[in-house]
Amino acid sequence: MSLCLSKRPNNIFIFLYIFERLNIGVYIHQGVIYELHSCNSVGVSNTCSAGCSFHASPVGSSINSVIPAGFVETSQRHNVRGTAMATRSAGFSRTQTSRGNSCKNIFNKIRQGQIKGVGLTRVSQFPVALLEERDKRAQWQGIPVLLRRLHESSHPNMSCFVIVQELSSLLSMEAMSFVTEERKTPQESTSPNTYTFDLFGGVDLFVEILMRPTLTVQEDLPILSDDLIKDCLSVLYNCCICTEGVTKSLAAREDFVTFLFTLMSNKKVFLQTATLIEDILSVRKEIIQLEEIPNLAGLVQSFNQQQLANFCRILSVTISEPDVGVDDKHTLLARSTQQKTSTCPSRAESNQVTLVNIPSFIERLCKLATRKVTEAADASARLELEDWHSWLDNALVLDALMQLAIEEAEQSTVLFGLTKHRLPQSMKIVHEIMYKVEVLYVLCVLLMGRQRNQVHRMLAEFKLIPGLNNLFDKLIWRRQPSGHVLHRQNQNCDCSPEISFKIQFLRLLQSFSDHHENKYLLLSGQELNELSDIYLNANVFEMEALNNTDRNLVCDGKKGLLTRLISVMKKEPIDSSFRFWQARAVESFLRGTPSYADQVFLLRRGLLEHILYCIIDSGCKSHDVLQSYFDLLGELMKFNIDAFKRFNKYVNTEEKFQMFLTQINSSLVDSNMLVRCIVLSLDRFESQTKDVKVVEVFSECRLLSYMAQVENRLSFLFRLTSIINVQTLTQENVSCLNTSLVILMLARRRGKLPFYLSALQEKEYAEKYPGCLLNNFHNLLRFWQHHYLNKDKDSTCLENSSCIPFTYWKETVSVLLGSGRSSRCAIASYIDEAYRDLDRDFLEL
């Protein structure tokens with residue numbers, strides 16, 4: 001068997017090599033006696049990870065002997081590495097090991113370990129001569145010998161510091177080479193020095209050195225110097241990025257993770273500590289509990305602004321729910337099952353509460369988010385910025401450059417051709433952008449958490465929105481390179497700092513204005529006056545949220561953030577991924593109870609015509625962008641006769657209208673919210689026959705005339721109920737079920753529910769699968785009850801967006817699920833007995 005450097009060695013291979021070097025001819029493994037031969041002998045050939053070749057042949061029968069502890073490959077402790085081949089007993093000291101006491105060679109030491117339970121545990125127990133001789137052949141760069149010398153140093157003295165520095169230099173160049181390569185994984189990249197360091201217990205030894213002051217009561221123990229701590233942390237980080245498994249083993253040590261947080265109070269080692277913590281927390285299976293970190297509030301309050309921004313990179317891991325990927329864990333059924341088993345708040349939710357309650361934490365984040373970006377004086381700096389994108393996104397290089405910019409030392413130490421006093425202006429921009437990416441992300445997560453209302457009040461009080469408005473014109477809105485990928489929420493991608501910044505900015509706007517009265521802070525005082533005038537001229541009562549808006553907290557100047565966003569959106573290239581996020585941010589402003597003035601405000605800025613251009617005439621092929629535009633168009637047109645008039649003016653030919661229908665029908669999952677808007681608006685307009693304006697538009701509008709035909713509504717209903725089932729319901733497609741319900745609720749209002757159910761039954765038989773559609777719809781409605789009757793927020797959203805009381809939603813579902821055969825409004829009445837399958841458990845469907 002040949003072992004590669006990327007895997008843990010079988011400990012028995014190391015012992016075989018030792019036996020060979022000491023002329024020990026036999027060994028015992030799994031009850032079989034093996035004899036060692038030279039490389040040209042007949043037998044089983046093996047190569048140890050250190051490069052030693054040997055052959056082993058069984059020479060005897062099975063015996064009932066106990067295997068020495070050192071022969072066992074696996075260990076109960078995952079942080080025991082390489083040569084840590086046995087569990088160390090409390091009575092076996094390092095000095096006894098190094099002296100060898102009564103043991104004359106390695107074989108006797110192993111035998112003593114078998115008898116007394118005292119085995120080899122550290123590299124210091126190997127003879128120096130053995131290590132040095134083997135080093136010449138294996139090219140270990142003297143690392144095992146250095147680790148042996150370091151282990152024998154009982155105190156962090158000068159010799160200890162020198163050894164650590166020497167090890168650091170050996171590993172740092174290898175790590176730098178690794179991160180500047182084409183993103184190789186640890187399995188693909190050869191890092192022999194870090195591997196050897198880990199193999200001979202270096203990682204555990206460095207952890208012990210760092211934590212030694214916290215594990216002893218000796219008063220005369222020397223304090224670790226900042227330089228020594230920096231080097232130890234750098235070595236550990238280098239091992240994490242170059243050697244597989246190191247990060248996970250460190251993440252499993254709760255004591256070490258907690259210790260690292262306390263170490264961040266030392267300003268001189270903050271950056272190295274934060275970088276290592278970020279790497280460790282990213283691989284933990286469980287999120288760390290922030291409330292268990294000693295004096296967390298004091299620690300956070302002690303950070304300066306740049307340290308706090310860096311700390312946000314760590315916080316982003318602690319307050320976000322683990323990504324469940326793209327499998328069935330995304331389904332509403334799976335989430336519902338998980339919520340049943342876990343009634344307590346998750347660790348991420350608990351951490352959010354902990355952070356919000358830290359004094360001045362939110363205020364300081366607002367200041368960081370709104371701090372102005374220093375821009376370069378000429379266009380050349382922006383060209384220069386592009387050159388950095390290819391390698392700035394790796395944390396090691398970026399943090400090194402941040403450190404240079406912060407310190408601004410007088411000497412001119414060179415790093416990648418840059419000098420400390422000559423960092424390009426574009427680098428300062430990137431530093432500020434990277435800070436803001438993390439800060440905006442943390443604020444966005446807190447806005448979506450259980451403390452949302454409290455966070456909202458704080459963000460308004462500390463004038464986050466006016467600050468972002470002043471910053472908006474400083475962002476670089478331009479066409480991205482052709483390799484620019486489409487970004488969606490929760491999608492992991494490798495994007496430049498500039499792109500990340502703008503996406504986080506848009507996500508924050510979306511979270512801020514979504515179903516919250518503070519959304520009017522996105523406008524300026526002048527724009528608020530415009531909204532009031534719209535209400536007055538339309539003879540409509542002004543929204544209470546508009547009246548309650550504190551004008552001291554709105555955007556400065558003539559244009560607010562919303563208007564600026566729409567202007568940028570209209571100029572954005574059609575294939576830009578920013579369109580998805582821009583549309584989502586604008587749509588969130590309109591969500592909730594439809595506001596006539598809000599819609600007119602956006603209609604005046606040409607938003608409807610721009611959306612129709614993108615859907616019909618632009619040739620846009622992205623499902624994500626089209627979905628975002630369908631949703632926005634639905635919110636913009638809902639119950640607004642002016643919007644339908646504008647629609648009819650733009651879609652003025654049959655060709656354009658058919659193209660519009662084609663886009664809608666290409667994916668109902670994407671367009672069903674628009675379909676719902678049209679159906680709801682049609683129902684309202686049909687009841688306003690005395691309004692001359694409504695009657696005029698109704699008679700001319702192709703879209704309203706199309707949806708007024710019952711067969712078209714039935715076609716949508718049939719397709720909407722066919723493309724989903726309980727097992728495939730997600731937050732993305734559950735809207736199809738609700739749109740189906742809207743169609744049936746409006747039919748029930750008019751006494752036509754039996755007609756619609758009968759039409760579905762006929763469609764089943766025409767398609768030659770009787771019972772299939774209605775059984776599926778029945779099960780979907782059962783799950784709807786299970787899901788929505790315990791969701792206050794979701795039920796409120798349904799009521800506000802449809803202007804149909806939630807009690808009517810519940811009544812309609814109950815009527816449809818009725819069990820009486822005589823009820824002509826119950827689904828069961830339309831399924832023949834032979835095809836009925838209504839009462840199965842959701843998990844069996």
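FYI, side chains are in, hydrogens and waters are out, and symmetry mates aren't considered; it's all heavy atoms of this structure. Residues: numbered from 1 along the sequence shown. Bear in mind that the values here come from a model prediction, so they are computed numbers and not experimental data.
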For the residue pair R713 / Y756, report whether a side-chain donor-acceptor contact shorter than 3.5 Å exists. yes
Looking at E655, I'd like to know if its CD atom is crowded, meaning that more than 12 non-hydrogen atoms belonging to other residues, nucleotides or ligands lie closer than 6.0 Å. no
For V726, the option from L780, L737, N776 that meets side chain to side chain contact (heavy atoms under 4.5 Å, CB included): L780
Would you please indicate yes or no on a ring centroid separation below 6.0 angstrom for F644 and F685? yes
For the pair K621 and D575, evaluate salt bridge (charged side-chain N to carboxylate O under 4.0 Å, His left out) and give the outcome as yes or no after the intermediate values. CA-CA 9 Å; K621 302 297 183 184; D575 57 348; over 6 Å; no
Side chain of S576, backbone of P573: donor and acceptor closer than 3.5 Å? no
Would you say the side chains of Y596 and D642 form a donor-acceptor pair under 3.5 Å? yes
Can you see whether W809 engages N738 through a side-chain donor-acceptor pair at a distance of less than 3.5 angstrom? no
Could you check whether atom NZ of K645 has more than 12 heavy atoms from other residues, nucleotides or ligands sitting under 6.0 Å from it? no
Closest non-hydrogen atoms of R551 and V554, given as atom of the first, atom of the second and distance, are O-CG2, 3.2 Å
With ring centroids as reference points, do F601 and Y535 lie under 6.0 angstrom apart? no
Would you please say whether a donor-acceptor pair under 3.5 Å links the side chains of N648 and E700? no
Quick one: does any side-chain atom of T728 pair with a main-chain N or O of I724 as donor and acceptor, under 3.5 Å? no
Just to verify, which of D514, T549, D598 counts as forming a side chain to side chain donor-acceptor pair (under 3.5 Å) with K519? D598
In this structure, is the centre-to-centre distance between the rings of F806 and Y788 below 6.0 Å? no
Please answer whether the main-chain N or O of S801 pairs with a side-chain N or O of K638 as donor and acceptor at a distance below 3.5 Å. yes
Interatomic distance, N672 atom CG to T739 atom OG1 [nearest 0.5 angstrom]: 3.5 Å
With no hydrogens and no angle check, just 3.5 Å: does a side-chain donor-acceptor pair link S671 and Q627? no
Main-chain N/O of G560 paired with E527 side-chain donor or acceptor, under 3.5 Å: yes
Between S513 and S588, does any side-chain donor sit less than 3.5 Å from a side-chain acceptor? yes
